[in-house]
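Have a look at the structure below, then the notes.
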Amino acid sequence: MQIIGAQRERGKATQVIMAEKGLYKGGALVNFNADERQALWDRVQGKVGGPGPEGT
């Protein structure tokens, strides 16, 4: 599974969007400390504009 996106709202758990072999598989709520959450967000922002998975 690959994390292909993330949605975050202040005061709520981060939701990650996942795909496997290029196909959308769903989302999951994840809890990280502030440093881990920022690292994930920075990584996701670096992928903005990339190709989306099939089946979305």
[X] [atom1] to [Y] [atom2] distance, which is reported to the nearest 0.5 Å:
X     : Y     : atom1 : atom2 : result
Met18 : Met1  : CE    : CE    : 4.0 Å
Leu23 : Gln2  : CG    : CD    : 10.5 Å
Ile4  : Glu20 : CD1   : CD    : 12.0 Å

(request) Mark yes or no for whether Gln38, through its side chain, and Asp35, through its backbone, hold a donor-acceptor pair below 3.5 Å. (result) no

(request) Check whether any side-chain heavy atom of Glu9 lies under 4.5 Å from a side-chain heavy atom of Gln7, and answer yes or no. (result) yes

(request) Over all heavy atoms of both residues, which pair between Gln15 and Gly27 is shortest? Give the atoms and the distance, please. (result) NE2-CA, 4.1 Å

